[in-house]
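Because the structure is a prediction, the values reported are computed rather than measured. Letters A, B, ... are given to chains in the order of the sequence lines, protein chains preceding strands, and every chain is numbered from 1.
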Amino acid sequence: MNSIKDSVIQKIIRSFPALKELASVSAFEVPKNPEFGDTALPCFRFSAVLKKPPVAVAEELKKIFRDDTSFESVENTGGYLNFKYSRKAFAESVLSDINDGSVFERLKEEGSGKTMVIDYSSLNIAKEPHIGHLRSTIIGNSIYRIYDFLGWKVIRINHLGDWGTQFGKLIYAFISWGDEKELGKNPVRYLQDLYVRFHKEEENDPSLSSAARDWFVKLENGDPEARKLWQRFKDYTIEGIKKTYDRIDVSFDFYRGEGYYESGAKDVIKMVEASPVSKISEGALVIDLEEYGMPPCIVRKSDGATIYSTRDLAAAIDRHNEFGFDKMIYVTELKQQLHFSQVFKSLELLGYDWIKKAEHIGFGSILGISTRKGNVIYLEDIFDEAKSRVLDIMKDRDIDETQKDIIADKIGIGAVIFQDLSRSRVKNIEFDWERVLSFDGETGPYLQYSYVRIVNIIQKSSAVINGMPDFSLLTDDVTYELIKTMSYFESKIRSAYNEHEPSVMASYLINLAKEFNRFYRVNRIIGEENDVSESRIFLLIALESLYRRCLQILNIPVIDKM
RNA sequence: GCACCAUUAGCUCAGUUGGAUAGAGCAACGGAUUUCUAAUCCGUAGGUCAGAGGUUCGAGCCCUCUAUGGUGUACCA
């Protein structure tokens, strides 16, 4: 899709070799006002090199394209060189590029041979997933899909929170107040209630804190009772969260809890002890980071136990040994930024240069919920509520009940996921039922609905495509705008990749859907003359394949009926 | 105290490496449908881009300061 711009750049450099450094495909802009043209080359930066005012530069460059058939017109407007494509040539170039798969193949080559390790979702044992966990899961999974799309080999790791003082708390709570029968009913929710109760009781009785710490030390030292309970809690939880992951079509290559790195953590302690960058401070083994403006990275607590930083150090080393990655990504809340800076800097000081390939991708928090205080909104409950509202809308639809139920679930999920992914990663979100459950305007269901329209037309049409259609029939304004939007796909996925920002794809897909809906309103497909019908179907086939991939990248369920 | 993040229409948000007249959705009001699925489309209205300086041909975007909100700040994760 860049071939037209490429040839423009080639021609400019041929005539003005001095612009070799400045002129590139990325120098093009999308004009603010479509009347200016389809793509624009601002000449302001060129003026210094050529020692002429921008307007004069643009005038010179304009001459190069006097006889170029790729363009309908090339104009100089106040220093901008505005190009209007020949619509027919443009439609042909963009649509065949998609329909013969070459755009996807091209993108697939970019990450070929490279490996990326991504750590996301990372749920906690004995905590039922709530709306806050959705962000890491969905953002992480979307980043995985973007890398995968660009041909990377991706290792997905779910770094379960299955270790730490919180398990001391849980073990203490279960031994003190636990009931086997209740545990059997809904294990995860029951364990979570115990956890909430612990924090309430702890407020009145501070001695509980040290009791919990003791249990964690026991757990680390291999105490059989502690280990047995821990393993049970863990098994119950994984079983439970896998159901949720299946529901939203998320999966992992490895479930590796912090407990997995337990022996590695002990090796890390030995290694750090022997290293000149470590010291004992207030009874704890730490790596001093004062020089870098950070608090020390604690490797061994004063009570002898490991801490999350120990386990993260061990995990990073382990992952590098096992996978030899070209890139490693952690998707967690923004508030863990300092923690990861400490871990990364510590590994650097310990001589692991590869840690420079690691990056923390932070995201904003969901405000107004807290597990400790107990005012949680569970993910499953949100999906269920969304589904029931969808079913209400669908009640008069002529669709088989079983199928309707499945579709409603997917629409509800699409709504919840999209409202989360559509915002910039770093922004905090105030949880709001009304917004999550709205299905009008820029929402997941809108995207799915538009997709259903596309698929239905293709299915119902009897047009048969033999070779290439007549592209001159795809040159009206609305069609042209749609094709132009389709042509942005390549640069959008690159920018989503560079910024690790799924919301770029979310807003792109909204635009694509809007342009399609406009097209749909004005241009009929079925019942038109054969050659018109065929050319429009050719367009829709390209659109469908592009659109479906965008939905998949965003983790929004693909459906063909609603 | 220090550090990081945010601040754009009544509400929720886009705004790509600085570029032409700052854009959507929701809510409000008006209009389009005997449909290739109206969960749609078209229109009206809504702005001191938190504030003040600075950098330059040009700043919502970069720099400095201030204000407001959020988060973090050694043995929680």
Partners meeting salt bridge (charged side-chain N to carboxylate O under 4.0 Å, His left out) with [X] (sequence neighbours left out):
X: R425(A); value: none
X: D398(A); value: none
X: D477(A); value: R87(A)

When all nucleic acid strands are considered with a 4.0 Å heavy-atom cut-off, which category describes F439(A): base, sugar-phosphate, or nothing?
base

Looking across every strand, which nucleic acid part, if any, lies under 4.0 Å from I307(A) by heavy atom: base, sugar-phosphate, or nothing?
sugar-phosphate

What is the distance from [atom1] of [X] to [atom2] of [N], rounded to the nearest Å?
X: Q337(A); N: C4(B); atom1: CD; atom2: P; result: 9 Å
X: I399(A); N: A39(B); atom1: CD1; atom2: P; result: 12 Å
X: Y497(A); N: U16(B); atom1: OH; atom2: C1'; result: 17 Å
X: Y520(A); N: C41(B); atom1: OH; atom2: P; result: 11 Å
X: Y451(A); N: A39(B); atom1: OH; atom2: C1'; result: 17 Å
X: E290(A); N: C2(B); atom1: CD; atom2: P; result: 16 Å
X: F516(A); N: C36(B); atom1: CZ; atom2: P; result: 13 Å
X: L437(A); N: A39(B); atom1: CG; atom2: P; result: 18 Å

Can you give the dot-bracket line for RNA chain B, using ( ) for pairs inside the strand, [ ] for pairs that cross earlier ones, | for pairs with another strand and . for unpaired bases, where Watson-Crick and G-U count if both distances are under 3.5 Å?
(((((((..((((.....[...)))).(((((.......))))).....(((((..]....))))))))))))....

In the structure I gave you, are the side-chain heavy atoms of N158(A) and Y120(A) within less than 4.5 Å of one another anywhere?
no

Are any non-hydrogen side-chain atoms of S278(A) and L285(A) less than 4.5 angstrom apart?
yes

Go through the structure and list residues passing side chain to side chain contact (heavy atoms under 4.5 Å, CB included) with [X], not counting sequence neighbours.
X: L334(A); result: V426(A)
X: K335(A); result: E333(A), S365(A)
X: A506(A); result: F418(A), S422(A), L554(A)
X: Y449(A); result: R453(A), M562(A)

Assign each of R453(A) and F28(A) the nucleotide of RNA chain B bearing its closest heavy atom; nearer the 5' end lies the nucleotide of F28(A)

Any N/O pairs under 3.5 Å between the protein and nucleotides 28-32 of chain B? List them or say none.
none

When the C1' atoms of C49(B) and U21(B) are compared, how many Å lie between them, rounded to an integer?
15 Å

Given the P atoms of G15(B) and G47(B), what is the spacing between them in whole Å?
22 Å

With ring-ring contact (aromatic ring centres under 6.0 Å, His included) as the rule and sequence neighbours excluded, what pairs involving residues 511-544 of chain A come up?
F471(A)-F538(A), F516(A)-Y520(A)

If you measure from the ring centre of Y80(A) to the centre of the six-membered ring in the base of A20(B), is it under 5.5 Å, with the planes under 30° apart?
yes

Quick test of the criterion, 5.5 Å between centres and less than 30° between planes. Is F44(A) stacked on G58(B) or not?
no

Pick out the pairs of N or O atoms, protein on one side and nucleotides 10-15 of chain B on the other, that lie under 3.5 Å.
unit_1: C13(B); atom_1: OP1; unit_2: R423(A); atom_2: NH1; d: 2.8
unit_1: A14(B); atom_1: OP1; unit_2: S424(A); atom_2: N; d: 2.8
unit_1: A14(B); atom_1: OP1; unit_2: S424(A); atom_2: OG; d: 2.4
unit_1: A14(B); atom_1: OP2; unit_2: K427(A); atom_2: NZ; d: 2.7

Residues in side-chain hydrogen bond (donor to acceptor under 3.5 Å, both in side chains) with K404(A), at least two apart?
none

